[in-house]
Amino acid sequence: MTPDRAVGLAESARALADGEVTSRALVAQALARIEGTQGSLNAFRVIRTEAALAEAEAADKELAAGGRRPLLGVPVAVKDDMNVAGEPTAFGCGGEFPPVAEDGEAVRRLRAAGAVIVGKTNTCELGQWPFTEGPAFGATRNPWSPEHTPGGSSGGSAAAVAAGLVPAALGSDGAGSVRIPASWTHLIGIKPQRGRISTWPRGESFQGITVNGTLARTVADAALLLDAAAGNHDLDPHRPPALNASEAVGRVPGRLRIALSLKPPFTALPARLQPEVRARIVQLAEKLSALGHVVEEADPPYGQIGLTFVPRATAGIAEWASEVPFPALLDPRTRGAARLGRLLGGAPLRAARRAEAALHRRIGTFYESYDVILAPTTAAPPPRIGAMLGLGGFATDRAMIAACPYAWPWNVLGWPGVNVPAGFVSGLPVGAQLLGPANSEPLLISLAAQLEAELRWHELWPPQRDEAAPTAVV
């Protein structure tokens with residue numbers, strides 16, 4: 001095993017169980033990679049050097065005694081909106097945050113599976129934007145091109161996995177925040193069904209639109225991390241039926257009816273799919289057709305779904321903003337969104353929540369004709385570092401919607417979506433979403449795995465600094 005890049009999650013777990021490597025060695029290598037790239041990549045807000053090494057030594061003792069758990073001794077990372085006992089949860093905000101007393105439910109389940117949490121990854125302030133930058137921690141950079149963002153808000157987790165610092169990581173997705181950075185860093189990003197991975201101690205994060213998800217280089221690793229983190233706290237309001245995501249990786253999906261949806265959902269601001277990105281999505285559709293699936297252009301009946309998103313998103317920002325220890329340090333855009341959230345937090349929020357059932361029925365009828373939707377994850381490749389950082393609120397919204405108009409409806413619906421790599425535009429990664437109805441993770445995962453077996457996207461790594469990235473991979 002080379003210390004230069006993390007091997008995969010499943011391969012790490014197997015090597016540990018077979019005694020080929022120790023957890024202490026794997027964790028020490030991961031920590032060295034993280035420390036060595038903080039000055040350039042800047043993927044982590046918290047690095048748990050002493051704690052992680054101690055946990056690795058405990059894992060080695062358990063392994064030596066014959067203990068076997070799915071991720072026993074494997075280093076992983078989590079986004080800095082998740083509670084890790086003894087560490088602060090700053091969620092991209094400035095100022096000193098106190099350490100939390102208990103793990104969040106997702107972290108607790110990762111530990112129960114044996115994983116070693118090596119650190120907490122950077123995220124933009126309260127997870128609002130598709131970039132991972134801010135005065136609290138600087139800029140997290142894209143391993144494929146340091147001048148560009150890895151996306152957001154789970155940009156630190158995506159950068160860490162894409163660069164091979166860790167084999168996999170948890171992120172969260174409230175408007176595409178797992179799928180967008182997965183798209184822009186050439187990764188698999190699974191946004192699962194609402195409630196699949198608990199967001200406790202918040203039963204409903206951002207009024208139910210935000211879920212925790214997984215980022216990895218392969219479908220199998222993303223599914224393995226999903227299985228390890230999945231499950232509910234006793235007080236969780238959303239408790240979907242249990243499933244085995246890893247089993248779906250080896251399952252043939254059958255001949256599917258796939259809707260190629262290229263039209264952006266309704267937004268109040270203009271959004272246009274860049275032709276080069278469109279070409280990559282169409283190539284993926286052609287590959288699916290060659291695999292025997294029936295693919296035709298069709299768009300779901302989204303209607304005015306955006307009107308239900310804004311009250312939930314801004315009310316969620318208001319809830320988080322009310323809890324930060326230094327509100328004066330918040331970005332002016334955050335304070336503006338929180339003000340709007342407080343205004344919309346009564347009747348408009350209740351109406352938005354009530355509308356979800358009607359949206360389920362209307363968009364659910366689309367799945368009487370199709371099994372899966374294939375759509376762009378973003379309308380454009382990743383922007384340059386700093387492109388959105390200094391904008392005002394309206395200009396940020398305009399730029400954000402222009403680049404990322406496709407992901408957020410599935411947060412309103414609470415249904416699963418999987419980003420898969422779709423190739424490169426001018427050396428920058430772009431991705432496609434496989435979108436399904438409620439509890440359809442196994443179908444989406446099996447289809448993603450079928451594509452991966454053909455396209456072998458996981459064999460491609462970010463270039464060294466003196467190399468050029470490929471212009472297309474199809």
Side-chain angles (χ1 to χ4, degrees), residues 1-3 5-31 33 48-78 82 84-86 102-119 157 160-161 164-170 188 190 192 196-198 212-234 241-251 441-442 445-446 449 458:
M1 288 194 170
T2 172
R5 287 170 171 158
V7 296
L9 197 70
E11 175 61 16
S12 295
R14 185 207 59 78
L16 285 161
D18 290 349
E20 295 176 7
V21 69
T22 65
S23 177
R24 197 185 197 289
L26 283 187
V27 169
Q29 290 168 6
L31 291 167
R33 290 189 294 263
R48 305 183 67 244
T49 302
E50 292 183 12
L53 289 172
E55 291 164 17
E57 290 173 359
D60 283 331
K61 291 178 181 177
E62 185 177 340
L63 286 160
R68 295 294 180 266
R69 291 188 273 163
L71 297 181
L72 184 55
V74 181
V76 299
V78 301
M82 302 179 195
V84 175
E102 296 181 347
D103 290 334
E105 183 66 15
V107 172
R108 189 191 72 78
R109 288 180 177 270
L110 281 186
R111 289 195 199 272
V116 177
I117 313 296
V118 293
S157 286
V161 176
L165 309 187
V166 291
L170 286 185
I188 303 299
I190 300 178
R196 178 77 59 210
I197 301 177
S198 177
N212 290 331
T214 62
L215 292 136
R217 292 179 52 78
T218 68
V219 177
D221 281 354
L224 177 58
L225 191 64
L226 175 58
D227 284 335
N232 293 109
H233 187 276
D234 289 343
L243 57 81
N244 188 320
S246 294
E247 278 187 357
V249 174
R251 191 181 305 155
E441 292 100 323
I445 287 167
S446 67
H458 56 287

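Keep in mind the model is a prediction, meaning the values are calculated, not measured. The first residue in the sequence is number 1, and the count goes up from there.
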Inset, instruction - Kindly indicate, with the supporting measurements, whether the criterion salt bridge (charged side-chain N to carboxylate O under 4.0 Å, His left out) is fulfilled by E57 and K61. - result: CA-CA 6 Å; E57 290 173 359; K61 291 178 181 177; over 6 Å; no
Inset, instruction - Could you go through the side chain to side chain contact (heavy atoms under 4.5 Å, CB included) check for I445 and L226 one step at a time? - result: CA-CA 11 Å; I445 287 167; L226 175 58; 4.3 Å; yes
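- A donor-acceptor pair under 3.5 Å is formed between the side chain of D103 and the backbone N or O of A85.
- For the atom pair OG of S23 and CG of L71, the computed distance is 11.0 Å after rounding to the nearest 0.5 Å.
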Legend entry - Candidate pair R108 and E102, rule salt bridge (charged side-chain N to carboxylate O under 4.0 Å, His left out), full reasoning: CA-CA 9 Å; R108 189 191 72 78; E102 296 181 347; over 6 Å; no
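- Note that the CD atom of E11 and the CG atom of L224 stand 12.0 Å from one another [nearest 0.5 Å].
- Considering every non-hydrogen atom in both A6 and P167, the closest pair reads CB-N, 3.6 Å.
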Inset, instruction - Report the C-alpha distance between R109 and I197 in whole Å, list the side-chain angles of each, state the deciding distance to 0.1 Å, and finish with yes or no for side chain to side chain contact (heavy atoms under 4.5 Å, CB included). - result: CA-CA 9 Å; R109 288 180 177 270; I197 301 177; over 6 Å; no
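- With sequence neighbours excluded, the residues that form a ring pair (Phe, Tyr, Trp, His ring centres under 6.0 Å) with H233 are W200.
- Here the CG atom belonging to D221 is positioned 9.5 Å from the OG1 atom belonging to T214, to the nearest 0.5 angstrom.
- The minimum heavy-atom distance linking G73 with A59 is given by the pair CA-CB, 3.7 Å.
- Between the CG atom of L110 and the CG atom of N212 there is a distance of 9.5 Å, given to the nearest 0.5 Å.
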Inset, instruction - List the steps, then state whether side chain to side chain contact (heavy atoms under 4.5 Å, CB included) holds for L225 with L170. - result: CA-CA 8 Å; L225 191 64; L170 286 185; 3.9 Å; yes
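- Rounding to the nearest 0.5 Å gives a distance of 12.5 Å between CG of L72 and OG of S12.
- Of the possible donor and acceptor atoms, none in the side chain of R5 sits under 3.5 Å from a partner among the backbone N and O of V166.
- Screening V7, V161, L9 for a side chain to side chain contact (heavy atoms under 4.5 Å, CB included) involving R217 leaves a single residue, V161.
- Counting all heavy atoms, side chain and backbone alike, S157 lies closest to V78 at OG-C, 4.2 Å.
- Under the side chain to side chain contact (heavy atoms under 4.5 Å, CB included) rule, E20 has a single partner from T22, L16, D18, which is D18.
- Judged as a salt bridge (charged side-chain N to carboxylate O under 4.0 Å, His left out), and not counting sequence neighbours, the contacts of E62 are R69.
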Inset, instruction - Please test R68 against L63 for side chain to side chain contact (heavy atoms under 4.5 Å, CB included), starting from the C-alpha separation and ending with a verdict. - result: CA-CA 7 Å; R68 295 294 180 266; L63 286 160; 3.7 Å; yes
